[in-house]
Each structure stands twice: as structure tokens, then as C-alpha cells.
Amino acid sequence: MIFLGTYKHNLDDKNRLTLPSKFIAKLPKHIFLSKGFEGCLEIRTPEEFEKRYQYLSQYSENKKDSRNASRIYFANSHDVEIDSAKRILVPNELISAAQLVKNTVIIGVGNKIEIWSESKYLKFQKDTSPMYETIAERLDDSNK
């Protein structure tokens with residue numbers, strides 16, 4: 001399952017966010033909402049959340065970075081339900097973590113979905129779009 005595209009949606013006064021119809025068609029009723037990187041939130045299907053768990057659990061619990069990464073990720077993850085109006089309830093702590101206000105941007109990122117505050121996403125685009133070719137080249141170089 002691959003998620004693609006960019007959509008603008010509003011967070012309502014009760015912290016509910018309507019998800020794009022194209023995403024809803026691919027999602028089960030229960031999904032996982034987590035704190036992501038660069039100040040966004042991530043939505044993962046149960047299968048993708050399990051893969052994330054397996055990835056993090058492969059690292060030794062004897063290492064502090066491993067313990068901290070697991071603590072941060074799982075303490076900031078929630079099992080949420082998509083309601084009949086195609087909305088999810090975003091917990092207050094995740095709204096704070098992502099600095100979400102009314103205007104949000106929801107993007108497909110392959111195996112997951114990201115939720116951004118519109119202002120953060122516009123800054124991210126401004127900062128990274130001019131570097132797209134350079135980033136791609138660096139990724140190519142790192143696989144050699």
C-alpha cells in the first residue's frame with residue numbers, strides 16, 4: 001500500500017482531523033498516530049506500525065540510544081479510530097508536539113502518512129525543494 005499526494009485539511013475545534021478520501025480507502029478503521037520527525041505526525045497502518053516496532057526492537061536494550069528511541073516513539077504513539085465522518089481525534093500532546101493549529105497539510109510518504117502544520121510544511125518545502133537533486137545524489141552515493 002502506497003500513500004501519495006498533498007492535501008490541505010482543517011483541524012476542528014474538537015481536535016478532529018478529516019483524512020483525505022484517497023487515504024481513507026486504503027486505511028483500516030484503527031490506525032496508529034505517532035510523533036514523527038521534523039515536527040510532523042505520522043499515521044501508520046497496523047502492519048507498518050508492527051514493522052516500526054520490529055525495526056526499533058532489533059537494537060540492544062543495553063544501549064541508551066536504543067532505549068530512548070523506543071521510549072520517545074512509543075510514548076508518543078496512539079491507537080486511534082477513524083470515525084464515520086472520516087476523521088481522527090488527535091490527542092492534545094500530539095497537537096502540541098507538532099504545533100498544529102487549524103490549517104494542516106496531510107501528505108502521503110509511501111508507507112505512511114504525515115500531518116504537518118501548514119506553516120511548518122511550507123518552511124520545510126522552501127528549505128528542501130531547491131536541494132532535491134543534491135539530496136538524491138547524496139542518497140545514490142551512500143549506497144555505494
(message) Does this structure show an ion pair linking Glu48 with Lys112, if we count only N-O contacts that are shorter than 4.0 Å?
(response)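 Salt bridge between Glu48 and Lys112, a charged N being under 4.0 Å from a carboxylate O: no.
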(message) Using a strict threshold of under 4.0 Å (side-chain N to carboxylate O), is an ion pair present between Arg67 and Glu61?
(response)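 Looking at Glu61 and Arg67, the cut-off is not met.
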Donor-acceptor check, side chain of [X] to backbone of [Y], threshold 3.5 angstrom: yes or no?
| X | Y | result |
| --- | --- | --- |
| Ser57 | Gln54 | yes |
| Lys8 | Asn103 | no |
| Thr6 | Ile107 | no |
| Ser66 | Ser60 | yes |

Cluster question for you: counting only ILVMFWY and a side-chain heavy-atom cut-off of under 4.5 Å, with indirect links fine, are [X] and [Y] together?
| X | Y | result |
| --- | --- | --- |
| Phe23 | Leu41 | yes |
| Val80 | Trp116 | no |
| Tyr132 | Leu4 | no |
| Ile113 | Ile31 | yes |
| Leu33 | Ile106 | yes |

(request) Name all residues meeting the salt bridge (Lys or Arg N to Asp or Glu O under 4.0 Å) criterion together with Glu50; count only those two or more places apart in sequence or in a different chain, and write none if there are none. (result)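 Glu50 satisfies salt bridge (Lys or Arg N to Asp or Glu O under 4.0 Å) with no residue once adjacent residues are dropped.
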Rounded to the nearest 0.5 Å, what separates atom [atom1] in [X] from atom [atom2] in [Y]?
| X | Y | atom1 | atom2 | result |
| --- | --- | --- | --- | --- |
| Lys120 | Leu122 | NZ | CG | 13.0 Å |
| Ile72 | Ser34 | CD1 | OG | 13.0 Å |
| Leu89 | Asp12 | CG | CG | 8.5 Å |
| Ile82 | Ile24 | CD1 | CD1 | 4.0 Å |
| Arg71 | Asn76 | CZ | CG | 13.0 Å |

(message) Connecting only ILVMFWY residues whose side-chain heavy atoms lie within less than 4.5 Å of each other, what is the rest of Tyr53's hydrophobic cluster?
(response)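 Tyr53 shares its hydrophobic cluster with Phe32, Phe49, Tyr55, Leu56, Tyr59, Tyr73, Phe74.
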(request) Carefully, step by step, assess Lys35 and Glu93 under the rule side chain to side chain contact (heavy atoms under 4.5 Å, CB included). (result) CA-CA 9 Å; Lys35 180 179 176 180; Glu93 62 269 20; over 6 Å; no
